[in-house]
Protein chains: 2
Amino acid sequence: MNKQHVSHPSLDKIQDRIDAIVNFIPGCDSQLLMLRVLMKLITADLNERMREVLREHDFHPVSFTALIMLINSNGAPLNPSELSDMTGESRANTTRICDELVASGYLERHANPEDRRRVDLFLAPAGEEAARTLLPAVHSRVLAPLKSLTATDRDGLEATLKHLLATLEVDKDGACPAASR
Amino acid sequence: MNKQHVSHPSLDKIQDRIDAIVNFIPGCDSQLLMLRVLMKLITADLNERMREVLREHDFHPVSFTALIMLINSNGAPLNPSELSDMTGESRANTTRICDELVASGYLERHANPEDRRRVDLFLAPAGEEAARTLLPAVHSRVLAPLKSLTATDRDGLEATLKHLLATLEVDKDGACPAASR
DNA sequence: CTTTTATGATTCACGAATGTATTATTAATA
DNA sequence: TATTAATAATACATTCGTGAATCATAAAAG
């Protein structure tokens, strides 16, 4: 089978590249570049693993993520804007994904009785079943490797990423420089 | 101007969703799901910021990332496979990106004298100039917000992500379970 | 030396995702 | 109350990215 993305480069080679960039353009922060590259490579790897698992079931990572975000027991349903925010997908892509899930019988769109601009999203029984069936395999292949981190590291990573996301939110419009905590 | 992705959801709402998922499918680790969601949202946000900055200069995040990875002073040139590994893009997409950069006069492909299967990639002067011009703006809009993390947090994040990437590498073929350190 | 296997890069049909515009509806303002 | 601004969702032309195949070349095996 063709391998589209075979291996990760050594971290030393990445550092060498970043050093060349920082030498070339003073004012660039080496560590910030490294953090960006690391997040990109990790996300790319996790996405690739999800594709591998889900391809066998005619699913895609983005629509599967949307599906599991819609798992709901007695809570308020999500609307497409909320789903977009929670999955990190654009509004247009969220519409496309919802179209796909509705067409497959996994999702139902209901008009919101209180605000006719809004749509309430409900997982259909087939969607719940798909989630129940596929999430263990995705968990095993995509999430379990994160357990290689110690519990302390996972806690630290979670706290740091939450802080970072909160900061990006505040910084969203680029109006105010991010303040150090 | 249309906003395709307006705001981040509150972390509480994300946690509520994850709790619903874990209730629905026992065996799922709440924290691993949260880590995955956080990385996805942060990466999506950083990508969106890059698009905003680069759009004004007729550039795209993926081709710009490739461009800066090719900055090189006296080092060995990269080939497309190495560039693919370092940017997290597939081989096919790396070819497409190189096509685009060559067409714009930013990149040159040279045959490797020692191995005719290989291509050596060299930044053209116009590419160096584009990098020099654009990286400060990208740095300011995309990377500088990471400075909201304390130096200790950034160090911890870097160490953790490096460890995680190394583990994903070992775990690549899904053959051996990831070992805790 | 010949054959087989593997690698590096590319091609391409197809599907995924975006950016902008549109429409319907609700909220805010005058 | 009427008008204007904002919001929610969707449409769609265009661009981006993938998965499998192909070709040329080098390495390994017999």
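Since the structure is predicted, the reported quantities are computational estimates derived from the model, not experimental observations. Letters A, B, ... are given to chains in the order of the sequence lines, protein chains preceding strands, and every chain is numbered from 1.
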| field | Proximity to the side chain of A/E100 - top-ranked nucleotide from D/dG19, C/dA16, C/dT10 | value |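 Output: C/dA16.
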Under 4.0 Å between a side-chain N/O of [X] and OP1 or OP2 of [N], yes or no?
X      : N      : answer
A/R55  : D/dG19 : yes
B/T95  : C/dA9  : no
A/R91  : D/dT7  : no
A/R117 : D/dA9  : no
B/S90  : D/dG17 : no
A/R96  : D/dC12 : no
A/R51  : D/dG19 : yes
A/H60  : C/dG15 : no
B/S81  : C/dT7  : no

| message | Over 60° means perpendicular and under 30° means parallel, so tell me whether A/F59 and A/Y106 are parallel, tilted or perpendicular. | response |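 Aromatic pair A/F59/A/Y106 classed parallel.
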| query | If each of A/D99 and A/D115 is mapped to the nucleotide of DNA chain D with the nearest heavy atom, which maps nearer the 5' terminus, i.e. the 5' end? | reply |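 First, find each residue's nearest nucleotide; the 5'-ward one identifies A/D115.
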[N] [atom2] sits how many Å from [X] [atom1], rounded?
X      : N      : atom1 : atom2 : value
A/E52  : D/dT18 : CD    : P     : 13 Å
B/L83  : C/dG8  : CG    : C1'   : 14 Å
B/R118 : D/dA27 : CZ    : C1'   : 12 Å
A/N93  : D/dA9  : CG    : C1'   : 14 Å
A/L101 : D/dT10 : CG    : P     : 12 Å
A/R116 : C/dT23 : CZ    : P     : 18 Å
B/E48  : C/dT20 : CD    : P     : 12 Å
B/E82  : C/dT7  : CD    : P     : 15 Å

| field | Rounded distance [0.5 Å steps], CG in B/L164 versus CG in A/L38 | value |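 B/L164 CG to A/L38 CG: 9.5 Å, rounded to 0.5 Å.
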| Given DNA chain C, 5'-ward residue of the pair A/V62 and B/V119, judged by closest heavy atom |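 Closest to the 5' end, via its nearest nucleotide, is B/V119.
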| query | Is the backbone of A/N112 close enough, under 3.5 Å, to the side chain of A/R118 for a donor and an acceptor to pair up by distance? | reply |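 It does not hold such a pair.
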| message | Please check this pair: side chain of B/R109 against backbone of B/L121, looking for a donor-acceptor N/O pair closer than 3.5 Å. | response |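 No, because the side chain of B/R109 does not come within donor-acceptor range (under 3.5 Å) of the backbone of B/L121.
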| task | Evaluate salt bridge (Lys or Arg N to Asp or Glu O under 4.0 Å) for B/E82 paired with A/R17, printing each intermediate quantity in order. | result | CA-CA 11 Å; B/E82 289 166 332; A/R17 282 288 134 182; over 6 Å; no
